[in-house]
Amino acid sequence: MDRREFLKVTGAGMLTLFLSGCGTLMAPKQGKATIQVKPGQVSGGKKMKIVVITSSPHPKNESTSIYLADRFTAGAQKAGHEVFTFDAANSSTHPCRGCDQCHMDGPCVFKDDIENTLMPKMLEADLLVLTTPLYYFGMSAQLKTIVDRFYSRTGRLHGKKSILMATAYNSNDWTMSALVDHYDTLVRYMEWQDAGKILGIGCGSRSLVESSDFGNQAEQLGANL
Ligand SMILES: Cc1cc2nc3c(=O)[nH]c(=O)nc-3n(C[C@H](O)[C@H](O)[C@H](O)COP(=O)(O)O)c2cc1C
């Protein structure tokens, strides 16, 4: 099913898009970034280790969610933070198979890019940034694969700070509700501290997200950590 078909199936999606344009033009409350911090409040003025996880299968220069990730990264690096980016859609990953050989405290039986590359970076990171295109009102399968693999180090990943960034075609005020509920529950369970959300509704194409204000909000979020 391509994106046009998706919109047809979800009813008035295209009409909504035409009427509202990108989220910033008639931004419903939910489309605005929820930046919950004052400059320096998240980092306490220290240089942070940040892991940005992207999860779009689109090429980097066409992806809307990777655009937000890149803008966030530019802001964070300008502020002196160290950013490691993991491309979940183009790395070797396996879904958790629930074997419990890790006993939730590692190592994982899979010796893939999650175990060998991402997990060590996440374990030493101060801040994790989860980036996703909205897929059927939740996170992409590529990102969910990473999240399920948190299982092997659940306790060791406690206490991190986190950010959610997402893009979607639709611009209804409820577009991101299920994703945000899931993320907030994850933050609670993982004992993380939410440091902000960029919810790019009405951003179903690169030109839409680039002409929206969400990129500026993402960069500002990174710069003001
Ligand atoms: C499998 C699939 C499911 C999607 N589900 C939704 C959805 O539930 N709601 C929505 O508004 N857009 C949905 N979209 C559109 C994407 O979220 C949107 O095009 C987004 O900008 C893609 O981001 P990316 O370029 O970073 O991959 C879906 C697209 C695909 C391919």
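Counting convention: from 1, in listed order, for ligands and their atoms alike. All residue numbers refer to positions in the sequence shown, counting from 1. Hydrogens, waters and symmetry mates are skipped; everything else that's a heavy atom, side chains included, is used.
- When the options Y67, Y169, Y135 are ranked by their closest heavy atom to atom 12 (N) of ligand 1, first place goes to Y169.
- For Y136, a nitrogen or oxygen atom sits less than 3.5 Å from a nitrogen or oxygen atom of ligand 1, counting backbone and side chain alike.
- With rounding to the nearest 0.5 angstrom, the CG atom of L130 is 11.5 Å from the NZ atom of K197.
- A donor-acceptor contact under 3.5 angstrom links the side chains of S140 and S55, judged on distance only.
- When each atom of ligand 1 is checked for a heavy atom of S63 under 4.0 Å away, the hits are 24 (P), 25 (O), 26 (O).
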* To do: Evaluate the side-chain contact (heavy atoms from CB on, under 4.5 Å) criterion for residues T132 and S65: first the C-alpha distance (whole Å), next the side-chain angles of each, then the deciding distance (0.1 Å), finally the verdict.
  => CA-CA 6 Å; T132 185; S65 56; 6.0 Å; no
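- Residue-to-ligand polar distances place L134 within reach of ligand 1: an N/O pair is separated by less than 3.5 Å.
- The N170 neighbourhood of ligand 1 comprises atoms 10 (C), 11 (O), with distances under 4.0 Å to a heavy atom of that residue.
- Remark: the backbone N or O of F214 is paired with a side-chain donor or acceptor of S212 at under 3.5 angstrom.
- Any N or O atom pair closer than 3.5 Å counts here, and C203 shares at least one such pair with ligand 1.
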* Report the C-alpha distance between D194 and R188 in whole Å, list the side-chain angles of each, state the deciding distance to 0.1 Å, and finish with yes or no for salt bridge (charged side-chain N to carboxylate O under 4.0 Å, His left out). => CA-CA 9 Å; D194 175 44; R188 186 175 181 165; over 6 Å; no
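- Aromatic ring orientation, Y189 versus H158: perpendicular (interplanar angle above 60°, classes split at 30° and 60°).
- Close contacts of ligand 1 with F137, meaning ligand atoms under 4.0 Å from a residue heavy atom, involve 7 (C), 8 (O), 9 (N).
- Taking every heavy atom of H58 and a limit of under 4.0 angstrom, the matching atoms of ligand 1 come to 24 (P), 25 (O), 27 (O).
- Heavy-atom contacts of S56 reach the following atoms of ligand 1: 24 (P), 25 (O), 26 (O), 27 (O) (cutoff under 4.0 Å).
- Contact of the V147 side chain with the L186 side chain is registered, since non-hydrogen atoms from C-beta on lie closer than 4.5 Å.
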